Protein chains: 2
Amino acid sequence: MEKLFFVTRSEENYIKTIFHLGGNSSALIATNAIAEQMETKPSSVTDMAKKLAEKGLVHYKKYQGISLTDIGIKTALSIIRKHRLWEVFLVKKLDFTWDEVHEVAEQLEHIKSEKLIDKIDELLDFPKFDPHGDPIPSKDGKFMERDKQLLSDVELNTEGVCVGVKDTSAAFLKFLDKNKIALGNTIKVLEKEDFDQSLHIEMEGKALHISHQIASNLYIKKND
Amino acid sequence: MEKLFFVTRSEENYIKTIFHLGGNSSALIATNAIAEQMETKPSSVTDMAKKLAEKGLVHYKKYQGISLTDIGIKTALSIIRKHRLWEVFLVKKLDFTWDEVHEVAEQLEHIKSEKLIDKIDELLDFPKFDPHGDPIPSKDGKFMERDKQLLSDVELNTEGVCVGVKDTSAAFLKFLDKNKIALGNTIKVLEKEDFDQSLHIEMEGKALHISHQIASNLYIKKND
DNA sequence: ACAAATTTTTAGATTTGTCTAAATTTTAAT
DNA sequence: ATTAAAATTTAGACAAATCTAAAAATTTGT
Ligand SMILES: [Mn+2]
Ligand SMILES: [Mn+2]
Ligand SMILES: [Mn+2]
Ligand SMILES: [Mn+2]
């Protein structure tokens with residue numbers, strides 16, 4: 001007793017959103033939070049909550065909040081796996097840039113074929129992270145959360161490597177491109193401005209001055 | 001004035017079906033024919049006919065029949081292009097067999113991204129035919145109909161090459177696999193049985209006896 | 001040409017996913 | 001502990017895509 005019901009595209013999008021808002025574990029996610037994230041109305045979320053509870057994908061108690069069941073979590077991980085693998089495919093095989101992939105992956109993540117996604121995984125040589133540095137769940141739902149910190153949180157003189165972005169908007173990613181900031185680049189924190197918390201850093205040997213807004217959306221992995 | 005409206009997945013499926021039933025040119029396609037092909041009810045087809053006419057994708061006159069407008073034809077060709085390119089992709093890049101690809105392509109053909117399909121086209125080196133021998137329309141809607149004939153229609157001693165299948169069902173394709181009949185194989189018609197119209201042929205040098213049903217679903221290109 | 005058969009359309013209902021506006025419950029503030 | 005504010009749910013509506021049953025138009029057979 002597991003894949004009992006067909007899950008629609010809309011249901012998949014709700015499940016994914018609940019997961020991203022932390023609805024795994026036993027945290028209860030608010031109706032409003034889901035509505036805001038999905039740019040829909042709270043009443044629509046309530047309607048869907050009932051439907052998903054009916055299908056055994058979420059726990060739902062009126063007025064209390066929503067969280068994913070085990071099956072819901074498995075479903076979410078499967079969608080996220082597909083989304084991220086397609087993103088890697090688009091970048092590695094079709095020369096998409098990292099700011100172009102999300103939109104298309106939003107569509108591709110709903111394609112229903114286990115064989116398809118497993119073959120894509122194989123074609124890409126089983127990547128562990130997507131183009132934004134986010135981990136890719138394996139077929140059985142496991143994934144390694146990388147040891148990473150926001151650049152804005154590390155102390156002076158820290159050296160490391162860019163490993164991910166928090167903000168994945170096209171606008172932010174294009175800004176990073178323009179400033180030659182890319183995942184894999186080496187980085188060192190040279191100075192912190194107390195006044196505006198901007199940072200003077202060295203990236204791949206070149207000096208760069210970046211705002212707090214940028215630093216608080218870039219993940220780095222500190223050198224051992 | 002061209003891509004005026006958003007075309008839904010359901011509308012795309014109707015457009016494609018009308019095209020395949022010959023609704024390009026000015027032939028009028030019957031409501032019942034469309035309903036049968038799509039395994040839906042005639043009343044649903046009528047409803048959709050009105051919607052598509054409203055959007056300028058089909059010509060529709062009550063009780064007379066349905067045909068595609070120029071925009072409708074362009075739309076159909078774009079969907080068919082996507083379907084067939086994805087089929088080639090699945091076979092060439094992901095080792096799908098030709099009997100497995102159709103189902104998945106039915107989903108992938110609805111992905112909306114011009115860049116995606118053009119890059120897939122490029123990755124595959126601009127194939128002209130899909131795994132079943134059907135021509136792939138180019139970006140601008142042109143395609144070459146191959147010079148081909150049903151094996152059941154050619155005369156005795158004809159020599160040629162298998163270039164396509166008429167029946168694309170998984171059952172038929174698997175049958176061909178089992179009998180080592182593949183596109184690209186050389187073929188020669190040795191003898192025709194008058195009684196049941198079965199054929200004795202030579203395929204890649206090996207003798208084979210095939211029924212009329214098989215011969216009438218295999219396309220060959222005669223040697224010059 | 002005209003009745004019978006067939007095809008097609010209409011009318012009305014259903015499901016899914018969404019919305020607005022009103023009612024209810026929970027939470028926060030005094 | 002009340003009251004005010006905020007969050008959530010309900011009730012009722014709507015659009016899309018489908019269906020069934022009945023009505024209308026067309027085609028066919030004699
Ligand atoms: Mn993404
Ligand atoms: Mn990503
Ligand atoms: Mn196909
Ligand atoms: Mn095909």
Side-chain angles (χ1 to χ4, degrees), chain A residues 4-18 21-23 26-68 72 75-76 79 106-107 109-110 112, chain B residues 4-18 21-23 26-68 72 75-76 79 106-107 109-110 112:
Chain A
L4 294 153
F5 288 99
F6 175 78
V7 183
T8 69
R9 169 175 300 227
S10 182
E11 286 164 354
E12 286 189 344
N13 284 330
Y14 274 95
I15 293 288
K16 195 176 50 146
T17 299
I18 295 165
L21 289 171
S26 51
L28 289 175
I29 308 303
T31 304
N32 268 357
I34 297 168
E36 190 178 8
Q37 184 71 25
M38 299 191 68
E39 299 183 68
T40 183
K41 302 294 167 183
S43 56
S44 303
V45 176
T46 300
D47 287 346
M48 186 56 84
K50 290 174 187 166
K51 225 176 299 179
L52 294 174
E54 193 67 39
K55 291 192 178 186
L57 293 162
V58 304
H59 299 292
Y60 171 59
K61 276 269 173 61
K62 260 193 198 183
Y63 293 103
Q64 301 308 294
I66 301 165
S67 66
L68 295 174
T75 305
I79 303 162
E106 285 290 306
Q107 298 180 62
E109 72 188 2
H110 301 291
K112 286 175 168 58
Chain B
L4 294 152
F5 288 99
F6 176 80
V7 183
T8 69
R9 169 174 300 224
S10 183
E11 286 165 353
E12 286 189 343
N13 284 330
Y14 275 93
I15 293 288
K16 194 177 52 149
T17 300
I18 295 165
L21 289 172
S26 52
L28 289 175
I29 308 301
T31 304
N32 267 357
I34 298 168
E36 191 179 6
Q37 184 72 27
M38 299 191 67
E39 298 182 67
T40 183
K41 301 294 168 183
S43 55
S44 304
V45 175
T46 300
D47 287 346
M48 185 55 86
K50 292 174 186 167
K51 225 178 299 179
L52 294 174
E54 194 66 40
K55 291 193 177 186
L57 293 162
V58 304
H59 299 293
Y60 171 60
K61 275 272 174 60
K62 258 193 197 180
Y63 293 105
Q64 301 308 294
I66 301 164
S67 67
L68 295 174
T75 305
I79 303 162
E106 284 291 307
Q107 298 180 64
E109 72 187 4
H110 300 292
K112 285 174 169 61

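Heavy-atom basis, side chains included; hydrogens, waters and symmetry copies ignored. Note that the coordinates shown come from a computational prediction; the quantities given were computed from them, not determined experimentally. Order of the sequence lines sets the chain letters (A, B, ...), proteins ahead of strands, with each chain counted from 1.
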Let me know the distance between [atom1] of [X] and [atom2] of [N], rounded to the nearest Å.
X	N	atom1	atom2	value
Glu54(B)	dA16(D)	CD	C1'	14 Å
Asp47(B)	dA15(D)	CG	C1'	13 Å
Lys41(A)	dA22(C)	NZ	P	15 Å
Leu28(B)	dT26(D)	CG	C1'	14 Å
Arg9(A)	dA17(D)	CZ	C1'	16 Å
Met38(A)	dG17(C)	CE	P	11 Å
Glu11(A)	dT16(C)	CD	P	9 Å
Phe6(A)	dT16(C)	CZ	C1'	12 Å

By nearest nucleotide on DNA chain D, pick out whichever of Ile66(A) and Ser44(B) is the more 5' one.
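That would be Ile66(A).
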Quick check for you: to the nearest 0.5 Å, what is the distance between Glu12(B) atom CD and Glu109(B) atom CD?
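Going from the CD atom of Glu12(B) to the CD atom of Glu109(B) covers 7.5 Å.
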Between the CG atom in Asn13(A) and the CD1 atom in Ile34(A), the distance rounded to the nearest 0.5 Å is 12.5 Å
Any side-chain N or O of [X] under 4.0 Å from OP1/OP2 of [N]?
X	N	value
Thr8(A)	dT16(C)	no
Thr46(A)	dT10(D)	no
Tyr60(A)	dT8(D)	no

Under 3.5 Å: donor-acceptor pair, side chain of Gln107(B), backbone of Lys112(A):
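Between the backbone of Lys112(A) and the side chain of Gln107(B) there is a qualifying donor-acceptor contact (under 3.5 Å).
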Could you go through nucleotides 5-7 of chain D and list every protein N or O atom that sits under 3.5 Å from one of its N or O atoms, giving the distance for each pair?
none

Nearest-nucleotide comparison on DNA chain C, the residue closer to the 5′ end among Lys50(B) and Lys51(A):
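On the 5' side of the pair lies Lys50(B).
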Measure the shortest side-chain to side-chain distance between Leu68(B) and Ile29(B) over non-hydrogen atoms and say whether it is less than 4.5 angstrom.
no
Between the base of dT20(C) and the side chain of Ser43(A), is one N or O donor paired with an acceptor at under 3.5 angstrom?
yes
For a quick check of understanding: with a heavy-atom distance under 4.0 Å over all strands, which category does Ser10(A) fall into, base, sugar-phosphate or nothing?
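The answer is sugar-phosphate, as Ser10(A) gets under 4.0 Å only of primed atoms, P, OP1 or OP2.
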Closest approach of Ala27(A) and Ser67(A), non-hydrogen atoms and distance?
O-CB, 3.4 Å
Would you mind telling me which of Thr46(B), Val45(B), Leu52(B) makes a side chain to side chain contact (heavy atoms under 4.5 Å, CB included) with Met48(B)?
Leu52(B)
Let me know which of Lys55(A), Lys16(A), Lys50(A) forms a salt bridge (Lys or Arg N to Asp or Glu O under 4.0 Å) with Glu11(A).
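It is Lys55(A), the one option of Lys55(A), Lys16(A), Lys50(A) that forms the salt bridge (Lys or Arg N to Asp or Glu O under 4.0 Å) with Glu11(A).
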Among dT10(D), dG17(C), dT18(D), which nucleotide has an atom closest to any side-chain atom of Lys62(A)?
dT10(D)
Among the nucleotides dT10(D), dT9(D), dT26(C), which one has an atom lying closest to any side-chain atom of Gln64(A)?
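When the side chain of Gln64(A) is considered, dT26(C) is the closest of dT10(D), dT9(D), dT26(C).
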